Every structure is written in C-alpha cells, then in structure tokens.
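One structure is given below, encoded as structure tokens.
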Amino acid sequence: MHLTEKILIIAMAVVFVGNAGLKAQQIDTDSLLQVVIEKSKDKSKANEAIALGRLGIQVAPDYYDFHLLLGKVYKEVGFYDSARYFLNLVIENNPAYKDAFSIILPLELEQQQMEVGLRLSEMAIDNFPDEAKFYVFKHAFIQLERDERKEFDFLQSVIVQFPDQSNFRQRLNLLELRLDNDRIGTNYSLTGFDRDGVGPWHLIGMQYIRERRWGSLIGRINYANRLSAGSSIDSGLQYELESYFFTGRRSYSYAGLAYSPSLVFPEQRYGYSFYQNLDKGWEWEIGGRFTSVAPPEGRREFRSLIFGLSKYVGSWWINLRSFVQNEESQFFPAFTFTSRYYMNTRFDYFTILAGYGTSPDERPTLGQFENRIALDSWRIGAGYFRLFGEKFVSGIQATYNYQEFDPGRTQQEYEFSLMLQYKF
C-alpha cells in the first residue's frame with residue numbers, strides 16, 4: 001500500500017469511524033461509500049478512491065460494494081490482477097452482484113481468458129437467466145474456442161429466448177451454411193400477363209445442393225416454355241453451376257455461371273459477389289454480373305456492378321441491393337429490397353420484396369433481359385418458406401410486376417412460385 005493511501009485511510013478512519021456506535025458506524029459507512037463513488041468517477045483521483053475503498057473494507061468487510069468499486073477502479077487504471085481479486089471476491093461471496101459480472105467479463109474477454117470467461121459467464125447466466133448480455137459474453141468466449149459445432153448448438157439453444165439479438169441470428173445463419181447438408185429439390189414459376197394472347201410462361205428447375213464446411217456447390221437444370229395464344233413460341237434448357245464459399249471467419253463469396261443453347265435463356269451468364277459480415281448485424285456486398293445473349297439480330301453483352309447492404313434487426317433481415325448496368329455507352333439502374341422475418345432455422349421465414357428495374361438475378365424473366373433492361377419496371381411480392389420435420393423445405397411466393405414492354409406501353413404481370421427440397 002502506498003504512503004498516500006495509508007495517510008488517507010488513517011484520516012478518514014478518524015472522520016468516519018472514530019468512537020461512534022454501531023448505528024453511527026453504518027451511517028458513516030454509507031457516507032464513505034458515496035465519497036468513493038464520486039472519487040471513482042474521476043480517473044485522476046483513482047488513488048484516493050482506492051485508499052478510501054480499502055478503508056471501507058476495513059470498516060465493513062462484508063459490505064461488498066467497496067470490493068466492487070475497488071475492482072472497477074483497478075480495472076480502469078490497468079491493475080488487472082487487483083481488479084480480478086476484488087471482483088472475484090464479490091462473486092464468490094455474493095453472486096447476486098450483477099455489476100461484478102458486468103465489469104469482469106469484458107476484462108476477461110479483452111485478455112482472451114477463454115476458460116475463466118466461460119466459467120464466469122455461465123455463473124452469470126445461472127444467477128441472471130434473463131440477462132441477454134451474459135449470453136452475448138458466453139458466445140464471445142465460445143468463439144475463442146473456434147469450435148463451430150459448439151457455437152452453433154449454443155446459438156440454436158438461445159435464439160428462441162432472445163430472438164431480438166441480431167448478432168445471434170446473423171451468426172447462426174452463417175454457421176448453418178458450414179454444416180454438412182445435401183438437398184435435392186425442384187422449383188416451379190408461372191408468370192401470367194393481363195394482355196390478350198400473351199403468356200403464360202413456365203419455368204421449372206431441378207437442383208442439387210451440397211453444403212460443406214468450406215461452402216456449397218449447387219448444380220441446376222432449368223426448363224422454360226413461353227406460350228402465346230395457347231401455343232408454345234419458345235422453349236429450352238439452361239445449365240447452371242453456383243458456389244458459395246468461405247473466404248474468412250466473417251466473409252464469403254458467391255460465384256456462378258450458366259449456359260443455354262436456347263434463345264429462351266441468355267446464352268452465357270457469369271457472376272461473382274463478395275460478402276463481409278460486420279458488427280451489430282451488418283453485412284455489405286460488392287459484385288458483378290456478365291450476361292451475353294445471342295438473338296438472330298446479333299450478340300449483345302451486358303455488365304452489371306452490384307452494391308448491397310444488409311442488416312439484421314432482431315428476427316428481421318433487411319437487404320438493399322443496387323445494380324449499375326451497362327451495354328456499350330448506355331447505363332441502366334435497378335434496385336431490389338428484400339426483407340425476411342426468421343422464426344426458427346434459416347429455412348423458416350416470411351419474406352417481403354420490392355424493386356425497380358430489371359436485374360440479371362431475376363430468374364423468371366431473365367429470358368427477356370435484353371428487352372427489359374432499358375424499360376421501367378415496378379414490382380412487389382411476398383412469400384412464406386418453412387422446414388417441415390427435419391427433411392422437407394418448402395416455399396411459396398407471389399409477385400406483382402408493373403412492366404413497360406414498349407416505351408410508353410405497360411402490362412401487368414403475376415408470378416407464382418413453388419419450391420420443394422428434400423434434405424438427406
């Protein structure tokens with residue numbers, strides 16, 4: 001103990017304790033505590049706060065507010081071992097002191113004391129099972145272990161209790177992509193029009209999805225058939241290969257290519273996007289698409305630059321993407337807004353979408369991409385997706401599109417989509 005502290009203790013002992021009786025001593029102890037609190041607010045008076053806190057412990061050794069304040073002050077001035085000593089003393093003798101956990105857990109996390117941090121966070125959860133912040137700390141210490149299976153199991157167990165924790169939902173969805181998962185599935189889209197003799201359009205897809213720790217690989221075959229006045233005017237196949245692969249603990253990429261020998265699809269399509277997860281549920285995307293079509297009048301090539309921003313807000317995922325597209329010297333904008341409300345797994349959600357313009361990521365009308373990209377288009381839609389049991393993933397979605405099909409001439413489009421996948 002420094003000489004200054006000793007002098008302060010002696011002086012304050014005379015003022016606060018003296019020869020007072022038990023009742024007066026208790027009143028003086030409370031007054032002393034208030035003085036320590038005020039001193040602790042000013043870092044330049046840390047030595048005085050420490051000296052007075054030690055005096056308080058001598059006067060009332062079972063009054064753990066003094067121990068708590070000493071732990072807080074010692075932490076702020078960088079004497080971490082002393083901080084741990086007093087804070088652990090509070091926790092061991094009276095774990096009902098919530099603030100003791102709130103002070104020591106950030107310290108152990110900053111020092112990356114994984115085992116100690118896990119033990120303390122579990123004690124905090126046992127004593128305060130409704131405090132989300134202690135689950136946040138436990139999650140952070142589990143992440144230090146780099147055991148993604150353990151992390152996934154923990155998040156899956158707490159997401160129901162704390163659905164508003166955006167970081168939990170974001171991380172859970174990302175981790176679920178790393179689990180071994182194989183699915184086969186089919187999807188069907190029907191697009192109808194309000195113009196006589198136009199449509200309907202049919203799009204059917206078969207796909208195989210293989211998800212592993214490194215990422216996923218998706219193979220897909222699509223068949224499209226456009227009808228007009230009850231007769232098919234064009235049909236054909238498209239072959240796709242896509243992959244989402246992890247490039248870091250909080251980042252991943254998308255790469256895809258597609259080829260079709262039929263005019264009902266673009267001949268070639270290539271795409272890449274990079275995604276980075278940020279704190280507090282944020283994520284950004286940057287990417288590009290290249291689309292090449294080969295109609296009888298000559299080949300046309302389109303390039304798209306994508307900027308995207310996403311945010312988890314509780315159980316909601318909100319995404320906004322912008323497309324800057326060009327053909328030669330002409331530029332065409334497009335925007336899409338998508339939101340999802342997650343319930344349990346990443347397969348269980350409601351979705352709402354809206355958009356302007358035509359982008360190369362819209363499958364049902366991609367066959368007319370070169371005709372639509374320069375025309376106005378407004379759309380809105382909603383869908384519901386659900387995991388039944390542990391094996392079947394299903395979904396239904398409806399979209400309304402107000403589409404300009406010639407400059408100054410518009411039509412209304414109604415799109416209905418169904419999806420079914422089997423997990424094995």
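Numbers for residues simply follow the sequence, beginning at 1. All values derive from a computational prediction rather than experimental measurement.
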Those residues at least two apart in sequence (or on a different chain) that pass side-chain hydrogen bond (donor to acceptor under 3.5 Å, both in side chains) with D194 are Q412
Please enumerate all residues that pass side-chain hydrogen bond (donor to acceptor under 3.5 Å, both in side chains) together with R340, with sequence neighbours excluded.
Y342
Donor-acceptor pairs under 3.5 Å, side chain of residues 306-313 to any protein atom, not counting sequence neighbours: which ones?
{"from": "S310", "atom 1": "OG", "to": "N319", "atom 2": "ND2", "distance (Å)": "2.7"}
{"from": "K311", "atom 1": "NZ", "to": "K280", "atom 2": "O", "distance (Å)": "2.7"}
{"from": "Y312", "atom 1": "OH", "to": "N173", "atom 2": "ND2", "distance (Å)": "3.2"}

Do the ring planes of Y400 and Y414 sit parallel (below 30°), tilted (30 to 60°) or perpendicular (above 60°)?
tilted
Minimum side-chain heavy-atom gap [X]-[Y] below 4.5 Å:
X: N187; Y: L418; result: no
X: S216; Y: L177; result: no
X: W317; Y: Y341; result: no
X: L353; Y: T399; result: yes
X: Y208; Y: I218; result: no
X: Q161; Y: F168; result: no
X: M206; Y: R220; result: no
X: L387; Y: K423; result: yes

Suppose we screen for side-chain contact (heavy atoms from CB on, under 4.5 Å). Which residues come up paired with [X], at least two apart in sequence or across chains?
X: Y223; result: N225, S235, L237
X: R303; result: F290, E301, N326
X: A46; result: V73, V77

What I want to find out is whether [X] reaches [Y] closely enough, with some N-O distance under 4.0 Å, to be called a salt bridge.
X: R363; Y: E240; value: yes
X: E151; Y: R146; value: no
X: E283; Y: R250; value: no
X: K72; Y: D65; value: no

ring-ring contact (aromatic ring centres under 6.0 Å, His included) contacts touching residues 79-107 (sequence neighbours left out):
Y74-F86
Going through the distances and angles, do T410 and Q403 end up as a side chain to side chain contact (heavy atoms under 4.5 Å, CB included)?
CA-CA 5 Å; T410 59; Q403 175 71 51; over 6 Å; no
Would you say the side-chain atoms of [X] pair up with the backbone N or O of [Y], donor to acceptor, closer than 3.5 Å?
X: S166; Y: G314; answer: yes
X: N94; Y: V90; answer: no
X: D147; Y: K150; answer: yes
X: S121; Y: F134; answer: no

Sorted by chain and number, sequence neighbours left out, ring pair (Phe, Tyr, Trp, His ring centres under 6.0 Å) with Y422 holds for F392
Excluding sequence neighbours, so at least two apart, what forms ring pair (Phe, Tyr, Trp, His ring centres under 6.0 Å) with Y384?
F350
Verdict with supporting geometry, Y244 and E242, side chain to side chain donor-acceptor pair (under 3.5 Å)
CA-CA 7 Å; Y244 289 89; E242 298 179 314; 5.8 Å; no
Is it the case that R183 places NZ or CZ above or below the six-membered ring of F424, under 6.0 angstrom from the centre and within 45 degrees of the axis?
no
Ring centres of Y254 and Y272 under 6.0 Å apart?
no
Ring centers of F369, F302 separated by less than 6.0 Å
yes
I need the full list of side-chain hydrogen bond (donor to acceptor under 3.5 Å, both in side chains) pairs touching residues 351-362, with sequence neighbours left out, sorted by first then second residue.
R269-D361, R289-D361, R321-D361, Y356-D376, S359-E362, E362-R379
From [X] [atom1] over to [Y] [atom2], what is the distance, rounded to the nearest 0.5 angstrom?
X: I125; Y: K133; atom1: CD1; atom2: NZ; value: 12.5 Å
X: K45; Y: E38; atom1: NZ; atom2: CD; value: 9.0 Å
X: Q276; Y: W284; atom1: CD; atom2: CH2; value: 6.0 Å

Could you note down all residue pairs passing salt bridge (Lys or Arg N to Asp or Glu O under 4.0 Å) where residues 101-124 supplies at least one of them, sequence neighbours left out?
R84-E108, E122-K138
Salt bridge (Lys or Arg N to Asp or Glu O under 4.0 Å) pairs touching residues 341-351, sequence neighbours excluded, are E176-R346, E211-R346
So for atom CZ, which belongs to R212, do other residues, nucleotides or ligands contribute more than 12 heavy atoms lying within a distance under 6.0 Å?
yes
